[in-house]
Amino acid sequence: MDNAYLDVISYVERIHRQFLEVVKLELDGFGIHGINNVQAMMLFNIGDAEMTVGELTLRGCYLGSNVSYNVRKMVENEYLAHERSVHDRRSIHVRLTEKGIKLRDRLTAMHRRHAEMLLQAAVSADDLQAAGVTLRRLERFWIRAADLVQRSPRLAPVSSPPAQPLFA
């Protein structure tokens, strides 16, 4: 079980990196250079919504730690529009611009094309559904594991010897 667990963790990371490489190649094919693959997927995940920069991470539009940098770059390159909230001046709302909507539509077409190609790769809808179920279970497990780690008292480092022998 340990090896299978570690294999899955490794696959998830590698699959994510490979997917981002495919998005990068698609952007290059479109002749788009003012946005990177991670920003393009952020833009895709925002879709038609308008949300605060903080909500981008809460809603899963972006999983990294430098969301403000990526938003600023997309604003500079005119993929996102931003404005301060009238109710909370600290809060900034973002939405896609016309340029952002066009790129989002191209990425939607890419996803459709890839979904159609899955049949040729012998990946069925049932396979994807089963993978999704398993990944959601792992996500819930890791959320619970993180909660348990945060609540448990700090353990002594593994490398430090115990202060007293365990058995006399």
Side-chain angles (χ1 to χ4, degrees), residues 8-121 123-147 150:
V8 167
I9 293 168
S10 177
Y11 289 141
V12 168
E13 184 179 356
R14 286 196 324 243
I15 288 168
H16 179 67
R17 273 191 267 126
Q18 188 60 51
F19 170 73
L20 289 175
E21 180 62 22
V22 169
V23 173
K24 180 186 178 304
L25 293 171
E26 290 278 342
L27 292 172
D28 291 346
F30 297 151
I32 296 173
H33 303 290
I35 189 169
N36 67 34
N37 50 4
V38 171
Q39 294 163 352
M41 290 315 302
M42 268 179 78
L43 184 129
F44 177 81
N45 290 326
I46 292 169
D48 293 326
E50 179 176 314
M51 62 186 80
T52 66
V53 172
E55 287 174 319
L56 292 173
T57 53
L58 291 174
R59 293 188 187 185
C61 295
Y62 181 67
L63 303 175
S65 60
N66 53 355
V67 68
S68 295
Y69 167 82
N70 285 302
V71 167
R72 187 174 71 247
K73 286 303 201 183
M74 287 190 286
V75 168
E76 286 173 8
N77 290 308
E78 301 176 345
Y79 289 100
L80 284 181
H82 71 296
E83 60 187 48
R84 290 215 177 268
S85 169
V86 293
H87 302 293
D88 181 354
R89 302 301 291 165
R90 298 169 296 175
S91 191
I92 297 173
H93 289 264
V94 295
R95 67 180 171 0
L96 302 187
T97 62
E98 197 60 40
K99 185 177 178 181
I101 291 168
K102 287 179 184 175
L103 178 54
R104 188 261 337 257
D105 291 346
R106 290 176 117 174
L107 292 169
T108 299
M110 174 198 73
H111 286 304
R112 280 195 198 110
R113 191 173 67 252
H114 291 171
E116 292 168 3
M117 292 167 57
L118 283 173
L119 295 175
Q120 300 166 6
V123 178
S124 70
D126 289 342
D127 293 334
L128 291 175
Q129 189 172 9
V133 167
T134 301
L135 291 171
R136 279 189 293 282
R137 286 179 183 158
L138 278 170
E139 179 184 36
R140 284 193 304 271
F141 165 76
W142 285 326
I143 289 169
R144 285 192 305 265
D147 287 345
Q150 289 176 357

Within a reach of under 6.0 Å around NE2 of His82, are more than 12 heavy atoms found that belong to other residues, nucleotides or ligands? no
Under the 3.5 angstrom rule, does the side chain of Asp105 hit a backbone N or O of Lys102 as a donor-acceptor pair? no
Would a 4.5 Å heavy-atom cut-off, applied to side chains only, mark His33 and Asp28 as touching? yes
What do the steps show when you test Met74 against Val94 for side-chain contact (heavy atoms from CB on, under 4.5 Å), and what is the final call? CA-CA 10 Å; Met74 287 190 286; Val94 295; over 6 Å; no
With distance as the sole test, does Asn77 use its side chain to make a donor-acceptor pair with the main-chain N or O of Tyr79 at under 3.5 Å? no
Can you tell me how far CD1 of Ile35 sits from CG of Asn70, rounded to the nearest 0.5 angstrom? 9.0 Å
Kindly compute the distance separating CZ (Arg17) from CG (Asn37), expressed to the nearest 0.5 Å. 12.5 Å
Taking only Lys NZ, Arg NE, NH1 and NH2, and the carboxylate oxygens of Asp or Glu, determine whether Glu21 and Lys24 approach each other closer than 4.0 Å. no
Using a 4.5 Å cut-off on heavy atoms from C-beta on, say whether the side chain of Arg72 contacts that of Val75. no
May I ask you to test the Val38-Tyr62 pair for a side-chain heavy-atom distance under 4.5 Å? yes
Approximate separation, where rounding is to 0.5 Å, of Leu103 CG and Thr108 OG1: 9.0 Å
Inspect the surroundings of CZ in Arg112 and state if more than 12 heavy atoms from other residues, nucleotides or ligands are less than 6.0 Å away. no
If you count every heavy atom of other residues, nucleotides or ligands that lies below 6.0 Å from Glu76 atom CD, does the total exceed 12? yes
If you compare all heavy atoms of Ser68 against all heavy atoms of Val53, which two are closest, and at what distance to 0.1 Å? OG-CG1, 4.3 Å
Which atoms form the tightest heavy-atom contact between Ala49 and Arg59, and what is the distance? CB-NH1, 4.2 Å
Would you call the rings of His111 and Phe44 parallel, tilted or perpendicular if under 30° counts as parallel and over 60° as perpendicular? tilted
Between the CD1 atom in Ile92 and the CD atom in Glu55, the distance rounded to the nearest 0.5 Å is 13.0 Å
Return yes when atom CD of Glu78 has more than 12 non-hydrogen atoms of other residues, nucleotides or ligands closer than 6.0 Å, and no otherwise. no
Closest heavy-atom contact between Leu27 and Ala40? CD1-CB, 4.0 Å
Mark yes when over 12 heavy atoms from residues, nucleotides or ligands other than Tyr69 sit less than 6.0 Å from its OH; otherwise mark no. no
Identify the two heavy atoms, one from Gly47 and one from Leu96, that lie closest to each other, and give their separation to 0.1 Å. O-CD1, 3.1 Å
Determine, stepwise, if the pair Leu80 / Ile46 fulfils side-chain contact (heavy atoms from CB on, under 4.5 Å). CA-CA 10 Å; Leu80 284 181; Ile46 292 169; 4.0 Å; yes
His93 side, atom NE2; Arg84 side, atom CZ - distance, nearest 0.5 Å: 11.0 Å
Would you say Arg104 and Asp48 make side-chain contact, with heavy atoms under 4.5 Å? yes
Pairwise side-chain contact, Val22 with His114, heavy-atom cut-off 4.5 Å (strictly under): yes
Could you go through the side-chain contact (heavy atoms from CB on, under 4.5 Å) check for Ile9 and Leu138 one step at a time? CA-CA 10 Å; Ile9 293 168; Leu138 278 170; over 6 Å; no
Which value, rounded to the nearest 0.5 Å, describes the distance between Leu107 atom CG and Arg113 atom CZ? 10.0 Å
